[in-house]
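In this chain, numbering begins with 1 at the start of the sequence shown.
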Amino acid sequence: MKNRNTPLGPNTTAIHAGEAPDPATGASAPPLHMSSTFVTDQAAGFSAHDLRDNAGFLYARWGNPTVAMLERKIAALEGTEDCLCLASGMAAATATFLTFLSAGDHAVVSDVSYAGVAELVRDTLPRLGIAVTLVDMSDLAAVAAAIRPETKLVHTETPVNPIGRLTDLAAVARLAHAVGALLSCDATFASPLGQDCRGLGVDLIMHSVTKYIGGHGDAVGGAVAGSAELIAKLRTEAAIHHGGILSPFNAWLIARGMATLPLRMQAHERNARRIAEWLETRPSVTRVIHPGLDSHPQAELARRQMTNTSGMISFQVGDAARGRALAQDFIDRLEIIHYAVSLGHHRSLIFWMETDSLMESSFRLDGAARESYRAFAGDGVFRLSVGLEDTEDLIADLARVL
């Protein structure tokens, strides 16, 4: 897509951003560049610090045309200056923490995060001399109390996995920026279509592109979008030094899936809302959590902050024993929905997540944090990633068990 001064709509951006007809062949579809090295006509040292901005491609760890195409596409959809794609969502999270935090720094992190992130901030960051305070990001007073003069990064996730709790991004951004800290947000559940992270003050927008952005469950990857200055630091540290780069083939698959992201997110949201409303009518379901429901405890914030409430539903069925029994029923009796981890794919996925197990193995919550989590999750939740199948078929499949 040629440079333009006029913003384009999300469908046009998702299809055309970062792409142009191949100058060598005229091919309309973007090419796949699988080369690990590139012929150059410039004499340069073998160090990323020797590279100039216009140096072109030299070695795949430093940059690849297919990966760069996906990076431009994600940045355009997020409204940011740049983006770095990495090997996984966890690579993106690790890159963010290890690029912008050093020994002696302090980070404020959501007390409930994706399990891998939760374990990283509890196990790895303290070992490296980085202090971490865990806080319920829906409690602005608690966030304000947790921030210190030496706080360099505030990291949140909204909606949070797996309980759908929301963070008021604009309010938390003001708190972080007041002490000169960066705000990073894992926006995987929302997708780039779910909320205007940049407009709400987020400095580093993180995604597991394995999920909604790729959308088809066939390629693993991660991304961080932000200003050119921040992404340049991230690229040198995380991609070039740490080496967690994205495969060009995965980038090509993810970009291919991303072209339909706006259409898919409309369908995900529509299906999820209808199924969430149906779940609320089932006697065996004790609670349904979806940001599009009026029953969500932060429904007003969802209406104010989210432009698409996504396809993620959590629901409770009583105690943990009942949940485990129903999980086996789902495994045995579902015909359409897959009993599997992950989310954001074109096919629907469901998985049982027990509260005590999560709190002890990943989140390790105690005291008030434990009670706050249990208030959302009860004794456990089924996480349902609603896909693109016909809604009536999905409801009929769930009704085999519920």
Next item on the list: Check the pair Leu246 / Leu70 against side chain to side chain contact (heavy atoms under 4.5 Å, CB included), numbers first and verdict last.
Entry: CA-CA 10 Å; Leu246 180 64; Leu70 176 62; 3.8 Å; yes
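- With hydrogens and angles disregarded, a donor-acceptor distance shorter than 3.5 Å links the side chain of Lys73 to the backbone of Ile15.
- Here the side chains of Thr307 and Leu193 are not in contact, with every heavy-atom distance at 4.5 Å or above.
- Glu392 CD: more than 12 foreign heavy atoms inside a 6.0 Å radius.
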Checklist line | side chain to side chain contact (heavy atoms under 4.5 Å, CB included) between Cys83 and Ile231, intermediate numbers included | finding: CA-CA 6 Å; Cys83 172; Ile231 299 304; 5.7 Å; no
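- Judged by distance alone, the side chain of His290 and the main-chain N or O of Gly292 form a donor-acceptor pair under 3.5 Å.
- A donor-acceptor distance shorter than 3.5 angstrom exists from the side chain of His296 to the backbone of Gln298, with no hydrogens or angles considered.
- Under a 4.0 Å N-O distance rule, the pair Glu237/Lys233 does not qualify as a salt bridge.
- Under 3.5 Å, the side chains of Thr151 and His106 contain a donor-acceptor pair of N or O atoms.
- Residues Ser28 and Pro21 are not in side-chain contact: their nearest non-hydrogen atoms beyond the backbone lie 4.5 Å or more apart.
- With Arg287 contributing its side chain and Phe315 its backbone, the two residues share no donor-acceptor pair below 3.5 Å.
- Here the side chain of Ser191 pairs no donor or acceptor atom with the backbone of Ala187 at under 3.5 angstrom.
- In terms of the ring pair (Phe, Tyr, Trp, His ring centres under 6.0 Å) criterion, residue partners of Phe97 (sequence neighbours excluded) are, by chain and number, His155.
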Pairs under 3.5 angstrom only: tabulate donor-acceptor contacts from the side chains of residues 253-267 to other protein residues two or more places apart or in another chain.
{"unit_1": "Thr260", "atom_1": "OG1", "unit_2": "Gly257", "atom_2": "O", "d": "3.1"}
{"unit_1": "Thr260", "atom_1": "OG1", "unit_2": "Arg264", "atom_2": "NE", "d": "3.0"}
{"unit_1": "Arg264", "atom_1": "NH1", "unit_2": "Tyr212", "atom_2": "O", "d": "2.8"}
{"unit_1": "Arg264", "atom_1": "NH2", "unit_2": "Tyr212", "atom_2": "O", "d": "3.0"}
{"unit_1": "Arg264", "atom_1": "NH2", "unit_2": "Ile213", "atom_2": "O", "d": "3.2"}
{"unit_1": "Arg264", "atom_1": "NH2", "unit_2": "Gly257", "atom_2": "O", "d": "2.9"}

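- Contact annotation: the side chain of Pro65 approaches that of Phe38 to within less than 4.5 Å [non-hydrogen atoms, C-beta and beyond].
- Considering CD1 of Ile337 and CG of Leu384, their distance stands at 5.5 Å, rounded to 0.5 Å.
- Partners of Arg270 under the salt bridge (charged side-chain N to carboxylate O under 4.0 Å, His left out) rule, at least two apart in sequence or in another chain, do not exist in this structure.
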Next item on the list: Step by step, work out the side chain to side chain contact (heavy atoms under 4.5 Å, CB included) result for Ile245 and Leu86.
Entry: CA-CA 5 Å; Ile245 60 169; Leu86 294 145; 5.8 Å; no
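- With sequence neighbours excluded, no residue forms a salt bridge (charged side-chain N to carboxylate O under 4.0 Å, His left out) with Glu78.
- Taking the six-membered ring where the residue is Trp, Phe249 and Trp252 present parallel rings, their angle staying beneath 30° rather than reaching 60°.
- Atoms CG and CG, on Leu230 and Leu84 in that order, are 12.0 Å from each other to the nearest 0.5 Å.
- With rounding to the nearest 0.5 Å, the separation of OG in Ser314 from CD1 in Ile163 is 8.0 Å.
- A distance of 4.5 Å separates OG in Ser284 from CG in Leu402, rounded to the nearest 0.5 Å.
- The salt bridge (Lys or Arg N to Asp or Glu O under 4.0 Å) pairs that include a residue from residues 175-188 number zero, where partners must be two or more places apart or lie in different chains.
- A 4.5 Å side-chain heavy-atom check between Thr96 and Leu153 finds at least one atom pair inside the cut-off.
- Within the 3.5 Å criterion, the main-chain N or O of Ala173 finds a donor-acceptor partner in the side chain of His177.
- In this structure Thr25 satisfies the side chain to side chain donor-acceptor pair (under 3.5 Å) test together with Asp22, sequence neighbours excluded.
- The backbone N or O of Val109 sits nowhere less than 3.5 Å from a side-chain atom of Ser113 that would complete a donor-acceptor pair.
- Of the N and O atoms on the side chains of Glu157 and Ser110, not one donor lies less than 3.5 Å from an acceptor on the other residue.
- Aromatic pair Phe382/Phe330: ring centres closer than 6.0 Å.
- Asp111 and Arg165 are joined by a salt bridge, as a carboxylate oxygen and a charged side-chain nitrogen come within less than 4.0 angstrom of each other.
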Next item on the list: Evaluate the side chain to side chain contact (heavy atoms under 4.5 Å, CB included) criterion for residues Ser385 and Met312: first the C-alpha distance (whole Å), next the side-chain angles of each, then the deciding distance (0.1 Å), finally the verdict.
Entry: CA-CA 5 Å; Ser385 174; Met312 297 306 303; 3.7 Å; yes
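- Judged as a salt bridge (charged side-chain N to carboxylate O under 4.0 Å, His left out), and not counting sequence neighbours, the contacts of Arg235 are Glu71, Asp82.
- Residues satisfying the side chain to side chain donor-acceptor pair (under 3.5 Å) criterion with Ser342, sequence neighbours excluded, are His345.
- Using a distance-only test at 3.5 Å, with no hydrogens or angles considered, a donor-acceptor pair links the side chain of Gln305 to the main chain of Leu169.
- Between Glu354 and Arg324, at least one side-chain N (NZ, or NE/NH1/NH2) sits under 4.0 Å from a carboxylate O, which counts as a salt bridge.
- Judged as a salt bridge (Lys or Arg N to Asp or Glu O under 4.0 Å), not a single pair has a partner in residues 196-213 (not counting sequence neighbours).
- Side-chain atoms of Met206 and Ser184, non-hydrogen and from C-beta on, never get closer than 4.5 Å to each other.
- Between Gln195 and Asn308 there is no side-chain heavy-atom pair separated by less than 4.5 Å.
- Side-chain contact check for Leu204 versus Leu182: some heavy-atom pair is nearer than 4.5 Å.
- Of all heavy-atom pairs between Ala327 and Trp352, the closest is CB-CB, 3.8 Å.
- Of the possible donor and acceptor atoms, one in the side chain of Ser35 sits under 3.5 Å from a partner among the backbone N and O of Thr37.
- A side-chain donor-acceptor contact under 3.5 Å links Glu280 and Ser295.
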Pairs of donor and acceptor atoms involving the side chains of residues 98-105, under 3.5 Å and at least two apart or interchain, shall be tabulated with distances.
{"unit_1": "Thr99", "atom_1": "OG1", "unit_2": "Ala95", "atom_2": "O", "d": "2.7"}
{"unit_1": "Asp105", "atom_1": "OD2", "unit_2": "Ser102", "atom_2": "N", "d": "2.8"}

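- The side chain to side chain donor-acceptor pair (under 3.5 Å) check on Thr156 picks up Thr167, with sequence neighbours excluded.
- The salt bridge (charged side-chain N to carboxylate O under 4.0 Å, His left out) search around Glu300 returns Arg304, not counting sequence neighbours.
- Between Phe351 and Tyr339, a ring centre-to-centre spacing shorter than 6.0 Å is recorded.
- With hydrogens and angles ignored, the 3.5 Å screen pairs a side-chain donor or acceptor of Thr286 with a backbone N or O of Gln316.
- Note: Glu119 CD to Met90 CE = 8.5 Å, rounded to the nearest 0.5 Å.
- The CZ atom of Arg383 lies 13.0 Å from the CD1 atom of Ile289; values are rounded to the nearest 0.5 Å.
- Closest approach of Val108 and Ala146 over heavy atoms only: CG2-O, 3.7 Å.
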